[in-house]
Amino acid sequence: SEKTFQLISNASYSRVVSEWNRLVMTIENASSIDDVKQRYKKVLVPLVQALGVKDIKRIGVRVIFLIPFSGSFADLQTFFREKFHKDMKVFDPFGRVEDVGLALTINAESYKSNLTLGPFTKEEVRNKVSEFKEYDDKLDCALMVDLDLYQDLKMQYKVSPFVLDALDAARLKIVQFREKLLIG
């Protein structure tokens, strides 16, 4: 479409895509949520203003966290099954379960959320998560937590406050989740 464009920076692992019906910013390997906020303010806020975005039907922030796991991938899968799938026999009619994951849709006070999580190898992170395919962390495996916080809207909305608030909420939710996961 003539109304689409992409801005890509391989150096900063970031990409902005504008299509006729959506605007997406991807930032990988961010050092912190505060780093993401600063880059968002520098790039996306001026772009939204320049494009004259007024009506928003859905606004969201999707953050993928990798929680390090020091054991093997098999150990991570066992840990995940013990935490989230106590009785795997329920899946026997389908065949032998080789990989596990979890997907939930959650409606909380401030946001609706799509939450997906599961054990990932370094290769899965590179191939399924990374847009840049240059992910090279020291982790052999990690628990991938994909959190999409959003609101469906039929009105004008200030983009900046939502994104900044949702980034803070994502950080808080993942810290609380990690604590419950490791304690309970």
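On a predicted model such as this, the values are computed, not experimentally measured, just so you know.
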Practice task
Please test L147 against K173 for side chain to side chain contact (heavy atoms under 4.5 Å, CB included), starting from the C-alpha separation and ending with a verdict.
Solution key: CA-CA 9 Å; L147 179 59; K173 289 175 184 303; 4.2 Å; yes

Practice task
For F91, check ring-ring contact (aromatic ring centres under 6.0 Å, His included) against everything at least two apart and list the hits.
Solution key: none

Handout entry: Same apolar cluster (I L V M F W Y, side chains within < 4.5 Å links), L7/L44
Key = yes

Handout entry: Under 3.5 Å: donor-acceptor pair, side chain of N127, backbone of E123
Key = yes

Practice task
Verify the cluster assignment for V24 and I59: are they in a single hydrophobic cluster under the rule of side-chain heavy atoms below 4.5 Å apart?
Solution key: no

Handout entry: L167-F177 co-clustered via ILVMFWY side chain contacts under 4.5 Å
Key = yes

Exercise for the section: Give a yes or no answer on whether the side chain of K83 reaches the backbone of L181 with a donor-acceptor pair at less than 3.5 Å. Expected result: yes

Problem - Nearest heavy atoms of F162 and Y111, plus distance in Å - result: CE1-CE2, 3.6 Å

Practice task
Mind checking ring-ring contact (aromatic ring centres under 6.0 Å, His included) for Y40 and listing every partner two or more places apart, or none if nothing turns up?
Solution key: none

Practice task
Apply the test salt bridge (Lys or Arg N to Asp or Glu O under 4.0 Å) to residues D148 and R58: give CA-CA distance (whole Å), side-chain angles for both, the deciding distance (0.1 Å), then the verdict.
Solution key: CA-CA 12 Å; D148 178 15; R58 182 185 189 274; 2.9 Å; yes

Handout entry: Sidechain-backbone polar pair: E82 side chain, F79 backbone, donor-acceptor under 3.5 Å
Key = no

Fill in the blank from the handout: Closest non-hydrogen contact found for V100 with V97 is CG1-CG1, 3.8 Å

Completion exercise
side chain to side chain contact (heavy atoms under 4.5 Å, CB included) with R171: of V36, V63, D34, only one passes, and it is D34

Handout entry: CZ/R62: more than 12 non-hydrogen atoms of other groups inside 6.0 Å
Key = no

Completion exercise
d(R15 CZ, Q6 CD) to nearest 0.5 Å is 5.0 Å

Exercise for the section: Kindly compute the distance separating CE (M144) from CZ (F120), expressed to the nearest 0.5 Å. Expected result: 3.5 Å

Fill in the blank from the handout: In this structure, OG of S32 is separated from NZ of K37 (nearest 0.5 Å) by 9.0 Å

Practice task
Check whether any side-chain N or O of Q77 sits under 3.5 Å from a backbone N or O of E98 as a donor-acceptor pair, and report yes or no.
Solution key: yes

Exercise for the section: Show the numbers, then the answer: is there a side chain to side chain contact (heavy atoms under 4.5 Å, CB included) between L47 and V16? Expected result: CA-CA 10 Å; L47 191 55; V16 175; 3.5 Å; yes

Practice task
Report the residues that fulfil salt bridge (charged side-chain N to carboxylate O under 4.0 Å, His left out) with D35, sequence neighbours left out, ordered by chain and then residue number.
Solution key: R39

Fill in the blank from the handout: What one should report as the nearest heavy-atom pair of I27 and S14 is CG1-CB, 4.2 Å

Practice task
Kindly work out whether a path of hydrophobic side-chain contacts (I/L/V/M/F/W/Y, heavy atoms less than 4.5 Å apart) joins I106 to L172.
Solution key: no

Handout entry: Linked, directly or transitively: Y150 and F65 (ILVMFWY side chains, under 4.5 Å)
Key = no

Practice task
Could you give me the CA-CA distance, side-chain angles and deciding distance for N114 and L104, then say whether side chain to side chain contact (heavy atoms under 4.5 Å, CB included) is met?
Solution key: CA-CA 6 Å; N114 292 319; L104 303 168; over 6 Å; no

Practice task
Report the C-alpha separation of E124 and F73 in whole Å, then their side-chain angles, then the decisive distance to 0.1 Å, and conclude whether the side chain to side chain contact (heavy atoms under 4.5 Å, CB included) test is met.
Solution key: CA-CA 11 Å; E124 286 177 308; F73 183 67; 3.9 Å; yes

Exercise for the section: Determine whether I67 and I174 make a side-chain contact, defined as any pair of heavy atoms from C-beta on separated by less than 4.5 Å. Expected result: yes

Fill in the blank from the handout: CZ of F5 to OG of S18, rounded to nearest 0.5 Å, is 4.0 Å

Problem - D75 vs S72, side chain to side chain donor-acceptor pair (under 3.5 Å): CA-CA, chis, key distance, verdict - result: CA-CA 5 Å; D75 292 340; S72 69; 3.2 Å; yes

Practice task
Please tell me if the side chains of L164 and K41 come closer than 4.5 Å, counting only heavy atoms from C-beta onward.
Solution key: yes

Exercise for the section: Could you tell me whether the side chain of V17 reaches within less than 4.5 Å of the side chain of T4, counting heavy atoms only? Expected result: no

Fill in the blank from the handout: In short, A142 meets L66 closest at the heavy-atom pair CB-CB, 4.1 Å

Practice task
Could you check whether the rings of H85 and F80 sit parallel, tilted or perpendicular, using 30° and 60° as the cut-offs?
Solution key: tilted

Handout entry: Heavy-atom closest pair, residues L76 and L143
Key = CD2-N, 4.0 Å

Completion exercise
On a heavy-atom basis, the closest approach of A170 and L149 is N-CD1, 3.8 Å

Handout entry: Distance in Å, L102 CG paired with L115 CG, rounded so as to fall on 0.5 Å steps
Key = 6.5 Å

